[in-house]
Participant: 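Would you mind keeping the following structure in view while I ask a few things?
Side-chain atoms are counted along with the backbone in the values below, which use heavy atoms only and exclude waters and symmetry mates.
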Amino acid sequence: MSSKDARGDKGASTGKRIGGNKKMSGAKLSAGSKGTGGGKKAAGRPHRGGKTKSQASSCQHTGRPSHRGASFDASALEGAEFIEVSNVALPLDAGLESPASEVNRPTPVPLSTETNHPAPATPAASPAPAEGSHAESLSRTAIASALGVAPEDVASFFLVKRSVDARKKSNVHFNATYAVHLAQGVAYDALSPARGVNVRAYDPPAPLAIPDLRSLATSSDGRIVVAGTGPAGLFCALYLAEAGLRPLVVERGAAVDERTAAIESFNADGPLDAAANVQFGEGGAGTFSDGKLTTGTKSPHIRHVLEAFVQAGAPDEILWQAKPHIGTDKLPAVVKSIRERIISAGGEVRFLTRLVDIELSGGAVRSVVLEDSRTGARETVEASRVIVACGHSARDIFELARDRGFALERKPFSMGVRIEHPQTLINRAQYGAAAKHTALGAADYKMAVRVPARANGTLPDAASENATRGVYTFCMCPGGEVVAAASEEGGVVVNGMSRFARDGENSNSALLADVRPDDLPGNDVMEGVRLQREVEHAAFELARRNGGVPYAAPAQTVGDFLVGATSSSGQAKGKQLGGTVAAASEARCRTVVPGSHRRVGASESHSRLVVRPSYPRGVVWCDLRECLPEFICDALAQGLPLLDAKLHGFADSGAVLTGPETRSSSPIRMVRGENFQARLASDSSASDEEPATRVYPCGEGAGYAGGIMSAAVDGLRVAEAIAAEFSSR
């Protein structure tokens, strides 16, 4: 997973959305039994006639807030069948009966809504709890209060979005957005929305239209080759297959079932499989993380991706959760379903197949060379286009692109550790007394601070643009585990994952500091990769030197990291008690690692926090400063107290740091034009001419995304660009 949504999202597609229809994007949550005509017959008529404002204001029995918001323009709702009501305060008990359900799941269908393809079924965004249930009653009452009407005036409604509002620990509640249909005879100008409640006409998502390009793909065209089956490659290939362009998808790693078996073997102290691990294989690195579907990018394709995931078997609730996730335990089946859809639409998928060469003619791709990852046998395939959707760990692809004359540039990335706490601590810190409410589930967090940027022991001028360095948490995994994410022999890498239930003992998150291009020596574009490798190999050797088995991870308590002491001696096996409070406290007194990094005056208070490290191959208590760069450790040490001020207990001295996390994002960007095609290094930087290489860098590894959602969206955008080229023939 990567630390930031990447640049390169200018001109996001405005294409229509997958799933949904013009009337409603999801099933109704509840239909009212009271009022006149509280069913579909009243559709399209709530703005006509009905109660006046004075009549509506007499409905004091609704329990609506006494302070209403400013008047709104009811004329903007004219003709709307459903209105969207946002910022509805919803009590936690309303979440005890989930509006999501495994029933009514649509059968996977093609994404396209062109006349030559069947329209996709609308995923059931929010099937109803039982009508008349406590949850239904609470939701209806909250909506009525938000609008200033009686509960019986709400004919039907369905959930659009729901999040947890924990800004006041004394009043933790849900914040919801609903699509609402009012009872017949209730006028829109009779509404009196509460302060902070927003009302507008509901604009349902429209499905994505994929053109039928089969007649335009001539026999003289070479294959469209998609390299990589992470989110970018899968969604690009799915679009192209549905358009009739029959892509050839190649993946250096194994299919998800074989990949899962290889990872389980590695976690049980088996050998590392360089072709099937957390980084490489069907679904990409995100398959064995948490399946987080949040992103900072804005694109209509976000809804398209979510609905495609639901069509592939993901839980329906990802359509209305503010922070949706699928879970590591469910993701393998989802990505396998997407692969099967690609094949059924005419695409071809080959696993254990590496892209080892891109052959150009006249500056444009002519063919690719593919290699069997097991046997080494090679094959040349004529290619009209190549989508380079490799992940951030496909370092050989960066070298290939450089050697074939493509323009590459350094980009910022991040480095650090995984920080692990008991999940109960995070729940209490975020939710206070409400932490045990079963409707809330495991709490998460996302934090960022800036600290003075030291490099090589010096502090830059305060006026410099590099005077501060970002320290932040990323890929927080509630109720999750720290993952053994190595992909190269002799290197240790950690990541994090959660299962769908998020019911594990610990939470973990990446704790990262920025690495800027100017932090690296020289001008070699591969210097970021070189730094990653050095740190990973240093961590491997550090753990071995201190008594660990191969691929054990170095770890340290926060308290000891801040004073420069090791937490205990020996190895703590994953999911066994290691680094107890007593051992850590004793170690602080007896095992101080000398050097300029020691923190004088750091707190020596004993923590009652006991964390069982979850890294599967075991941790070895070490000084993390012996494997991480000094400027990273300095930034983390400065950032920890600042983050603790935002989330009490975050920098508890007993929390565990496991490292290193080096693969949060790609350190390299493969430069592309506005037409998504890769530029050659020989291209004039002053030229306004768009590149014509017919090679398309795509997704996280190429430097244009930062997580599952933004990578999948980038894959759709690249596919749309290719489809537009065919359509213009």
Participant: Take Phe235 and Ile338, measure what side-chain contact (heavy atoms from CB on, under 4.5 Å) needs, and give me the verdict at the end.
Facilitator: CA-CA 8 Å; Phe235 276 85; Ile338 294 175; 4.2 Å; yes
Participant: Mark yes or no for whether Lys169, through its side chain, and Ala166, through its backbone, hold a donor-acceptor pair below 3.5 Å.
Facilitator: yes
Participant: State, with a plain yes or no, whether a side-chain heavy atom of Phe500 is found less than 4.5 Å away from one of Glu317.
Facilitator: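 The answer is yes, as the side chains (C-beta and beyond) meet within the 4.5 Å cut-off.
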Participant: Before you tell me yes or no, could you show the steps for Phe157 and Arg140 under side-chain contact (heavy atoms from CB on, under 4.5 Å), namely the whole-Å CA-CA distance, both residues' side-chain angles and the distance that decides it to 0.1 Å?
Facilitator: CA-CA 8 Å; Phe157 55 91; Arg140 181 181 299 279; 3.7 Å; yes
Participant: Restricting to non-hydrogen atoms, name the atom on Leu647 and the atom on Ala429 that form the minimum distance, rounded to 0.1 Å.
Facilitator: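 Closest approach of Leu647 to Ala429, heavy atoms only: CD1-CB, 3.5 Å.
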Participant: Thr473 side chain to Met447 main-chain N or O, any donor-acceptor pair under 3.5 Å?
Facilitator: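 At least one qualifying donor-acceptor pair exists.
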Participant: Indicate yes or no: at least one non-hydrogen side-chain atom of Tyr704 is less than 4.5 angstrom from one of Val718.
Facilitator: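 A side-chain contact is absent here, since even the closest heavy-atom pair is not under 4.5 Å.
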Participant: Any heavy-atom pair between the side chains of Val249 and Thr229 that's under 4.5 Å?
Facilitator: yes
Participant: Please check if any side-chain donor atom of His301 sits under 3.5 Å from a side-chain acceptor atom of Asp714, or the reverse.
Facilitator: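 Absent: no donor and acceptor within the cut-off.
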Participant: Evaluate the side-chain proximity of Ser727 to Leu213: yes if any heavy-atom separation is below 4.5 Å, no if none is.
Facilitator: yes
Participant: When you compare the side chain of Phe726 with that of Ile224, does any pair of heavy atoms fall below 4.5 Å?
Facilitator: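 Ile224 reaches Phe726 side chain to side chain.
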Participant: How close do Pro231 and Gly283 get, heavy atom to heavy atom, and via which atoms?
Facilitator: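 The pair with the smallest heavy-atom distance is CD-O, 3.8 Å.
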Participant: Spell out, as yes or no, whether a donor-acceptor pair under 3.5 Å connects the side chain of Asn87 to the backbone of Gly196.
Facilitator: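 A pair under 3.5 Å: yes.
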Participant: With a 6.0 Å cut-off on ring centres, are Phe82 and Tyr178 close enough?
Facilitator: no
Participant: Tell me whether Asn427 contacts the main-chain N or O of Ala442 through its side chain, where contact means a donor paired with an acceptor under 3.5 Å.
Facilitator: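 Such a contact is absent between Asn427 side chain and Ala442 backbone.
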Participant: Hey, are the side chains of Pro91 and His173 touching, using non-hydrogen atoms and a 4.5 Å cut-off?
Facilitator: no
Participant: Given 3.5 Å as the limit, does a donor-acceptor pair link the side chain of Tyr188 with the main chain of Ala80, or not?
Facilitator: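 Judged by distance alone, yes, a pair lies under 3.5 Å.
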Participant: Can you check whether Arg341's main-chain N or O pairs, donor with acceptor, with Ser344's side chain at less than 3.5 Å?
Facilitator: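 Between the backbone of Arg341 and the side chain of Ser344 there is a qualifying donor-acceptor contact (under 3.5 Å).
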Participant: Identify the two heavy atoms, one from Leu90 and one from Arg162, that lie closest to each other, and give their separation to 0.1 Å.
Facilitator: CD2-CD, 4.2 Å
Participant: Using 0.5 Å steps for rounding, measure from the NE2 atom of His437 to the CG atom of Leu92.
Facilitator: 4.5 Å
Participant: Closer than 3.5 angstrom, by distance alone: can the side chain of Glu720 be matched with the main-chain N or O of Ile210 as a donor-acceptor pair?
Facilitator: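 No, because the side chain of Glu720 does not come within donor-acceptor range (under 3.5 Å) of the backbone of Ile210.
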Participant: Would you sort out whether Leu147 and Leu182 count as a side-chain contact (heavy atoms from CB on, under 4.5 Å), showing the intermediate values?
Facilitator: CA-CA 10 Å; Leu147 291 174; Leu182 297 178; 4.1 Å; yes
Participant: Can you tell me how far NE2 of His304 sits from CD1 of Ile302, rounded to the nearest 0.5 angstrom?
Facilitator: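 It is 10.0 Å, given to the nearest 0.5 Å.
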Participant: Please step through side-chain contact (heavy atoms from CB on, under 4.5 Å) for the pair Asp444 and Ile426, ending with a clear verdict.
Facilitator: CA-CA 7 Å; Asp444 65 1; Ile426 305 302; over 6 Å; no
Participant: Looking at side-chain heavy atoms only, is the closest gap between Lys323 and Ser163 below 4.5 Å?
Facilitator: no
Participant: Grab the two heavy atoms, one from Thr294 and one from Pro324, that are nearest each other, plus how far apart they are.
Facilitator: CG2-CD, 4.0 Å
Participant: Does any N or O in the side chain of Arg672 come within less than 3.5 Å of the main-chain N or O of Pro697, such that one atom is a donor and the other an acceptor?
Facilitator: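 The answer is yes, because a donor-acceptor pair under 3.5 Å joins these two groups.
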Participant: Are any non-hydrogen side-chain atoms of Ile708 and Lys292 less than 4.5 angstrom apart?
Facilitator: no
Participant: Mind checking the CG-CZ spacing from Leu77 to Arg200? Nearest 0.5 Å is all I need.
Facilitator: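 So the gap between those two atoms works out to 11.0 Å.
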Participant: Could you measure the distance from the OG1 atom of Thr287 to the NZ atom of Lys336? Nearest 0.5 Å is fine.
Facilitator: 13.5 Å
Participant: Side chain of Ser139, backbone of Ala135: donor and acceptor closer than 3.5 Å?
Facilitator: yes
Participant: Using a 6.0 Å cut-off, check whether atom NZ of Lys446 has over 12 heavy atoms from anything other than its own residue.
Facilitator: no
Participant: Using 0.5 Å steps for rounding, measure from the CD atom of Glu136 to the OG1 atom of Thr141.
Facilitator: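 Result: 8.5 Å between the selected atoms.
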Participant: When you measure from the side chain of Glu700 to the backbone of Ala705, do you find a donor-acceptor pair of N or O atoms at a distance under 3.5 Å?
Facilitator: no
Participant: If you compare all heavy atoms of Ile387 against all heavy atoms of Cys236, which two are closest, and at what distance to 0.1 Å?
Facilitator: CG1-SG, 4.0 Å
Participant: So which atom in Lys161 and which in Leu319 form the shortest heavy-atom distance, rounded to 0.1 Å?
Facilitator: NZ-O, 4.2 Å
Participant: CG/Leu208 to CD/Glu242 distance, rounded to the nearest 0.5 angstrom?
Facilitator: 10.0 Å
